[in-house]
Each structure stands twice: as C-alpha cells, then as structure tokens.
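Data block below; observations after.
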Number of protein chains: 2
Amino acid sequence: MAKIQRVAELAGVSTATVSRALAGKTSVSPATKAKVEAAAKELGYVVSSAASSLASGRTRNVGVVLPYLDSWFFMAVLKGAQRLLADAGYDVTLYHLPPANGLEEDIEGAQRRARLFDEFLRRQRCDAILAVNLELDDAERATLGDLRRPLVGLGGPLPGLHTLSLDDTAVARCATQHLLDLGHRHIAHITGDPDFERDFQMPATRRAGYEASLADAGVESDPLLVRHANFTIEGGYAATKELLTDPRIHPTAIFAASDEMAIGAILAARDLGRDVAGDVSIIGVDGHDLAEFFGLTTIDQFPERQGQQVAQLVLDELAGDGVEAVDEALPYQLVARRSTAPLRQP
Amino acid sequence: MAKIQRVAELAGVSTATVSRALAGKTSVSPATKAKVEAAAKELGYVVSSAASSLASGRTRNVGVVLPYLDSWFFMAVLKGAQRLLADAGYDVTLYHLPPANGLEEDIEGAQRRARLFDEFLRRQRCDAILAVNLELDDAERATLGDLRRPLVGLGGPLPGLHTLSLDDTAVARCATQHLLDLGHRHIAHITGDPDFERDFQMPATRRAGYEASLADAGVESDPLLVRHANFTIEGGYAATKELLTDPRIHPTAIFAASDEMAIGAILAARDLGRDVAGDVSIIGVDGHDLAEFFGLTTIDQFPERQGQQVAQLVLDELAGDGVEAVDEALPYQLVARRSTAPLRQP
DNA sequence: CCACCGCATGCAAGCGTTTACATTAGTGGG
DNA sequence: CCCACTAATGTAAACGCTTGCATGCGGTGG
C-alpha cells in the first residue's frame with residue numbers, strides 16, 4: 001500500500017497534502033505541515049524515490065562521469081562535488097568512463113563506453129550529468145543532447161555545454177615564467193603522451209603554453225627537453241632520469257604538467273644525487289596533497305573546490321537559472337615552495 | 001505516453017511482451033524477441049528506471065558506502081567494485097561516510113551521518129548496500145536492517161551481515177615474522193591513532209598481531225617502538241623520523257600498517273641518510289600501486305580484487321543465493337622487495 | 001451585503017513499467 | 001481424435017507518488 005497513505009491517515013489529511021508538506025514547496029499551513037512531519041517521523045516514512053521520480057520526473061540524483069577512479073586529482077574533484085550535492089539532497093551515481101584510446105584492439109573498452117552511453121546514461125536515472133574531462137564524439141554528443149538534462153563539464157570546453165575549465169595555456173605560461181624569472185633558460189617539460197589518449201587536449205595545450213612562454217622570453221625551445229610520461233609518479237621519475245642523464249642537454253629546471261609527475265621528478269633528481277632546487281628546479285601543476293610534504297612548487301588549481309564549483313553549477317542549472325552554455329575559467333595560483341630556486345650562477 | 005507503448009505498436013505486440021522480451025527473463029519466442037529488439041533499437045528506447053523500479057521493486061543500483069574518498073586504498077576498492085557492478089548492469093551510487101570520530105564538537109559531521117542513514121539510504125534507491133570499513137551503532141544497524149536489502153561489508157566483521165575481511169592479526173604476524181626471519185629483533189611498528197577514530201578496530205588488531213608475533217619469537221616488545229600516524233605518507237614520515245632519532249631505541253626494522261605510511265618511512269629514512277634495507281628494513285601492508293616503484297616489501301591485500309569480490313557477493317545475494325551472514329577471509333600475500341633485508345651483523 | 005479573491009486542501013488522473021492471471025494455440029500420449 | 005499440458009502472448013491491475021483542477025472558506029473592497 002502506498003505508504004504515504006499511512007502518513008496521511010495518521011496526520012488526518014490527504015496524501016496530496018502530505019506530499020506537499022514534505023516537499024516544502026507549495027502552500028501548506030504551518031500547523032498542517034507540523035502534523036504531517038510528526039506523522040512521518042513517527043512512522044519512519046521516507047518517500048520512495050522511484051515513485052517520486054516517476055510521478056514528478058525528478059530523481060534527485062546526479063550522474064558524475066569520471067575518466068579515472070584511481071587518480072588523486074579526480075578523486076579530489078569527486079569529493080568536492082559529492083559533498084556539495086549530498087548537502088543539497090542529491091545522490092551521486094558514479095560512472096567510470098576511461099578516455100577512448102582509439103586503439104583498434106581495445107574492443108572491450110569501446111563496448112563499455114558504448115554501453116555507458118546507450119544504456120546507463122539513458123535510463124533517466126539522473127537529473128543532470130556532471131562530466132569531468134570528457135571528450136565526446138558526435139554520436140555521444142547526440143546521445144547526451146537527447147537526454148534533455150543539464151549537462152555540465154569540468155575541463156572543457158565542450159562545445160554546446162556549460163563548462164568550467166582551467167586555462168591550461170595560462171597555467172603553463174605561469175609555471176614556465178616562474179622558472180624564467182628565476183633565471184632558468186634550459187627548462188625541460190614533462191607532459192602527457194599525445195598518442196596515449198586520443199582527443200585529450202590538455203597535454204598539448206600545456207606544452208603550447210610552455211613553448212609560447214619560452215618564445216616570449218626569447219629562449220629557443222629544444223624538442224629534446226620535452227618528454228612524455230603518463231601523469232604518474234613513475235612516469236615523471238623515468239622521464240626525469242632521462243632528462244638529467246642525456247648528455248646532449250643540460251636542463252636546470254623542469255616543468256611537469258602534473259604534481260604527481262613532478263614528485264617523480266623530485267625523487268629521480270634525488271636518486272641521481274642532484275640537489276632539488278640547487279641543481280634542478282622542479283614545478284608541477286595541481287595542488288596535490290603531497291606537494292607540501294615534498295616542498296613542491298606548484299600551480300594549485302584547487303581540485304576539490306573545482307568539484308564544488310561544478311556541482312554548484314549543476315545545482316544552478318537544475319534550479320532553472322538557465323545559464324547559457326559558456327566556458328568559465330577556473331582560478332589557479334602559483335604556490336612557491338622549496339623545489340624551485342634561482343638559477344645558480346655557474 | 002508510456003514509451004513502451006510505441007515499441008509495442010511498432011513491434012506489433014503488447015507492452016507486456018515488450019517488457020518480457022527486453023528483460024530477457026520469461027518465455028518469449030525468438031522471433032518476437034528479435035522484432036521487439038529491432039523496434040526498441042529503431043526508437044532508441046531504453047526503459048525508464050523509475051517506472052521499472054516502481055513496478056518491479058528492483059532498481060538496478062547498488063549503494064557503495066565509503067569512509068574516505070581521497071585515499072588510494074578505498075578508490076582501488078571502488079574501482080574494482082564499480083567495474084564488476086557496471087558489467088552486471090548495475091549503477092553505483094556513492095555515499096561518503098567518514099568514520100564517526102566521537103568528537104562532541106563535530107556536529108556537522110554527525111548531522112551528515114544521521115542524514116545519510118535517515119534520508120539517503122532509506123529512499124529505496126538501492127537494491128543492495130556495499131559498505132566498506134563501516135562501523136555502526138545500534139540505531140544505524142537497525143536502520144539498515146529495516147531496509148530489507150542485501151547488505152554486504154568489506155572489512156568486518158559486522159555482526160549480522162555478510163562480510164569479507166582481511167585477517168588483520170594474521171597479516172600483522174606475517175609482516176612481523178618476515179622481519180623476524182630476517183634476523184631483526186628491534187622491530188618498530190607504525191599504526192593508526194586509536195583515539196583518532198572511534199571504533200576503528202584495524203589498527204589495534206594489527207598491533208596485537210605484531211605483538212603476538214614478537215611474543216612467539218620470545219622478543220620483548222617495547223612501547224617506545226610503537227608510533228601512531230594516520231595512514232598517510234606524511235604521518236609515516238614523521239613517525240619514522242621520531243623512531244630513528246630517539247636515542248632510547250634502535251630499531252633495525254619498521255612494520256607500517258599501511259603502504260602509504262611505509263613509503264613515508266622510506267622517505268624519512270633516506271632523508272636521515274639511512275640506507276633502506278641496509279640500515280633499516282621497512283615493510284608495509286596494502287599492495288599500493290607505488291610499492292613496486294619504491295621497492296617496498298609489502299603484504300599485498302589486492303584491494304581492487306577485494307572490490308570485485310565484495311561486488312560479486314552483492315550480486316550473489318541479489319540473485320537470491322541466500323548466503324548466510326558469515327565473515328569470509330580475504331587472501332593476502334607477502335611480496336618481498338628491496339626495502340627489507342637480513343639484519344646486518346654488527 | 002455581495003462579488004471576488006486567494007489560500008489551504010482534497011480529488012483523481014496520471015507517471016511508465018512489471019507481472020499475476022487469463023487466454024490461445026500447439027503438442028504428444030492414450 | 002480428445003485431453004491434458006506447455007509455451008507464447010495479451011489484459012489489466014498494481015507500484016507509490018505528484019500535481020492540475022476543483023472545492024470550500026474567510027477576508028476585502030466596493
């Protein structure tokens with residue numbers, strides 16, 4: 001039996017009034033509202049989300065799509081978003097969507113991806129989708145468009161939808177400029193592997209910022225100073241060992257496109273007996289929890305706050321404040337620590 | 001209009017048949033099934049989860065309750081569980097439930113916790129709950145019991161429900177024994193802070209295993225050799241600096257209750273100019289991604305596989321294989337790497 | 001004093017499925 | 001050739017809420 005019935009009977013009102021009283025929206029007299037709430041509490045009543053969704057078309061649930069579940073950065077974002085959404089009464093359902101790698105042989109991955117779009121996201125389980133670092137092909141874009149639900153992105157821009165993104169060019173310039181300002185001229189760069197993930201723009205963008213900054217300073221860029229890793233500590237470590245032992249180059253500073261790679265760089269430098277900052281300055285990007293611990297200079301992008309911001313955006317769109325599909329810039333900030341220092345004069 | 005209607009019309013059958021054909025359960029002739037599937041595909045039809053849930057009482061959704069969203073370990077578990085559940089067609093909705101810290105002043109945390117139990121978990125949005133490292137009070141236990149849904153725990157035992165847990169005593173003994181076998185007698189232990197999280201048994205249990213193992217070997221345990229950290233790299237680092245510089249003690253080996261603390265220990269030893277393995281052997285627990293990178297000897301507990309296993313348990317219970325409420329032991333394995341070595345003879 | 005208005009509430013029609021039960025057609029044994 | 005039985009399908013009643021519309025009521029301005 002419709003459980004709301006029981007509450008209605010106990011409170012001596014109709015189910016309609018119970019519904020209205022508990023939703024808190026439309027006009028219900030304070031006295032009635034109190035009675036209903038008392039009855040609900042006494043019976044331990046909580047609305048059935050299925051029934052409520054079916055009747056109202058609203059689910060009180062937001063889908064969060066993440067490319068990685070094992071990366072510090074995305075978890076920080078998730079944490080921020082989850083908290084804000086939960087406080088607003090929304091559940092979060094989590095979808096894992098690894099970046100399409102474009103590899104022929106990854107049939108399983110492609111199937112999972114297709115299934116996510118064709119099946120999971122279309123069940124109308126979410127009032128809105130919050131997608132982090134999502135790159136879409138046209139069919140996928142169409143699927144999401146058909147949902148007719150707010151769709152908000154973090155790390156865009158994604159054409160046609162509201163996104164929050166970091167200005168990767170500016171961030172890279174900021175990091176590079178910091179090293180230039182310290183007097184460094186042989187600045188290496190560790191970034192993502194452009195072949196590794198199809199369509200993942202960020203590494204290329206940061207590299208462009210790095211090169212532009214060098215160019216502005218009249219420093220010639222050397223392809224040998226750019227290495228690819230995959231955003232992991234191990235990757236940064238390996239790349240740095242190469243950079244610091246290649247006899248053709250003599251970098252005095254390294255700009256890593258993520259803090260995890262920068263931490264790997266610090267460890268590699270130490271293992272090679274180089275003095276971090278003294279012999280080689282290292283700067284990262286992210287604002288990793290461990291940056292403080294390692295004394296890592298970084299461009300903090302406040303990931304947890306990003307999660308909150310993008311969640312707030314979702315809530316705004318759900319509230320109908322029909323924001324237009326724009327791309328907003330996220331804040332970032334240079335945090336100077338011990339891993340960077342002025343170039344030691346030879 | 002009931003969209004299933006359209007499919008039914010296009011396929012020339014009743015909605016009941018469409019429902020059956022798409023669910024794939026009951027008897028539908030292959031021909032009809034094909035027609036229905038074609039019609040559904042043509043219309044891009046996907047069942048509305050709300051309607052389906054309301055009618056069937058099943059949601060195809062599993063709630064996963066985690067104590068931390070920013071810890072490597074829990075994310076590894078989540079990753080494993082999410083994948084298995086997604087492959088089985090289940091959505092995962094994520095609930096963040098920080099451990100109750102028992103602090104009077106943490107009203108906000110207590111409210112969040114209460115709200116999770118009283119509101120979120122009771123909306124009948126989940127077919128089952130998968131709880132990781134959950135510690136419940138009686139009222140909470142009652143709430144979850146009232147749900148009448150499968151409730152499975154990882155890291156128990158939780159009285160009355162089916163759990164998978166690591167034998168923390170055995171793990172600690174295994175780690176300690178490894179160090180004893182290498183000839184160490186002054187073995188330090190870094191574990192969690194018992195006051196930090198009310199009711200979180202694991203640190204105490206591991207410590208007990210450590211002490212039992214020492215006792216078995218006839219080695220006297222020294223409270224000075226036990227330090228508390230909070231399962232972070234920073235914590236392990238700080239604790240290790242203390243251990244290695246306290247003039248009253250001379251540990252030649254450290255057993256850290258987590259790999260992250262063990263990594264902190266390695267970094268601390270290095271910073272103090274000690275040779276890891278040569279001067280001080282270090283062993284952790286978890287099987288962290290970075291253990292290989294740091295050459296860390298560890299007791300691997302295969303967190304991602306734990307996630308899969310506990311997810312499988314959920315699926316089994318949902319399939320009605322009414323497993324009884326038992327506590328099953330999870331596998332673990334000593335992985336010896338470079339951070340442990342035989343005691344150097346003085 | 002009346003017509004009108006707005007607020008609080010009730011009534012009942014959905015919302016889009018699933019599924020128990022009824023119905024029909026086909027099958028093999030007696 | 002009939003019957004009992006099974007497999008495939010249809011019929012229609014839930015499922016537990018939300019919400020447009022109707023109703024009743026006290027107050028207000030003319």
Side-chain angles (χ1 to χ4, degrees), chain A residues 1-37 39-40 43-61 89 119 122-127 147-149, chain B residues 1-37 39-40 43-61 89 119 122-127 147-149 318 320:
Chain A
M1 170 202 4
K3 293 196 54 186
I4 199 175
Q5 266 291 4
R6 288 231 189 80
V7 181
E9 285 159 15
L10 184 60
V13 297
S14 71
T15 62
T17 301
V18 173
S19 175
R20 283 188 282 247
L22 294 177
K25 290 290 183 188
T26 34
S27 57
V28 176
S29 80
T32 314
K33 183 166 180 180
K35 262 193 307 185
V36 169
E37 278 167 354
L43 295 175
Y45 172 77
V46 175
V47 298
S48 145
S49 70
S52 175
S53 303
L54 181 57
S56 71
R58 273 169 271 110
T59 63
R60 285 207 138 321
N61 186 43
E119 193 175 323
R122 299 182 56 212
R123 292 200 270 220
Q124 293 164 237
R125 198 196 280 293
C126 309
D127 288 342
L147 251 40
R148 315 217 158 285
R149 299 254 187 266
Chain B
M1 169 201 9
K3 293 195 57 185
I4 200 174
Q5 265 293 2
R6 287 231 190 80
V7 180
E9 283 159 15
L10 184 61
V13 297
S14 72
T15 62
T17 301
V18 173
S19 176
R20 284 188 284 247
L22 262 27
K25 290 289 182 187
T26 33
S27 57
V28 176
S29 80
T32 314
K33 183 167 181 178
K35 262 192 309 186
V36 170
E37 278 167 352
L43 296 176
Y45 172 76
V46 175
V47 300
S48 147
S49 68
S52 176
S53 304
L54 180 57
S56 71
R58 270 169 272 110
T59 63
R60 286 205 138 319
N61 186 42
E119 192 177 323
R122 300 183 54 212
R123 293 199 269 218
Q124 293 165 240
R125 199 196 280 294
C126 307
D127 287 342
L147 251 40
R148 315 220 157 284
R149 298 254 186 267
L318 284 172

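A, B, ... follow the sequence lines: proteins, then strands. Residue 1 opens every chain.
- Across residues 14-23 of chain A, A:S14, A:A16, A:T17, A:R20 each have a non-hydrogen atom less than 4.0 Å from an atom of DNA chain C (numbered order).
- If you check C:dG16, C:dG10, D:dG16 against the side chain of A:V13, the one that comes closest is C:dG10.
- Note that CD1 of A:I4 is 11.5 Å distant from CD of A:E9, once rounded to the nearest 0.5 Å.
- In this structure, the side chain of B:R149 engages the main chain of B:C126 through a donor-acceptor pair within 3.5 Å.
- A:V13 and A:K35 get closest at one heavy-atom pair: CG1-NZ, 4.5 Å.
- Residue-level contact check: A:R58 touches the backbone only, with heavy atoms under 4.0 Å from sugar-phosphate atoms and none from bases.
- Within residues 29-36 of chain A, the residues having any heavy atom closer than 4.0 Å to DNA chain C are, in order of number, A:S29, A:T32.
- The separation between A:L54 atom CG and D:dC17 atom P is 12 Å, rounded to whole Å.
- Along DNA chain D, the nucleotide closest to A:G57 and the one closest to B:G12 are compared, and the more 5′ of them pairs with B:G12.
- A side-chain contact (heavy atoms from CB on, under 4.5 Å) with A:E37 is found for exactly one of A:V7, A:L22, A:V18, namely A:L22.
- Counting only distance, with no hydrogens or angles, the side chain of B:R122 and the backbone of A:G44 share a donor-acceptor pair below 3.5 Å.
- At whole-Å resolution of the value, CZ in A:R60 and P in D:dC17 are 16 Å apart.
- Atom CZ of B:R123 and atom P of D:dC15 are 23 Å apart (whole Å).
- Considering every non-hydrogen atom in both A:A8 and A:T15, the closest pair reads CB-N, 3.7 Å.
- Distance A:E9 CD to C:dG10 C1': 15 Å, rounded to the nearest Å.
- Looking only at distances, a side-chain donor or acceptor of A:S49 sits under 3.5 Å from a matching main-chain atom of B:R123.
- Taking every heavy atom of both residues into account, A:V28 and A:R20 meet most closely at CG2-CB, 3.8 Å.
- The CD atom of A:Q5 sits 12 Å away from the C1' atom of C:dC11 (whole-angstrom rounding).
- Atom CD1 in B:I4 sits roughly 11 Å away from atom P in C:dT19 (whole-Å rounding).
- The backbone N or O of B:R125 lies less than 3.5 Å from a partner atom in the side chain of B:T59, making a donor-acceptor pair.
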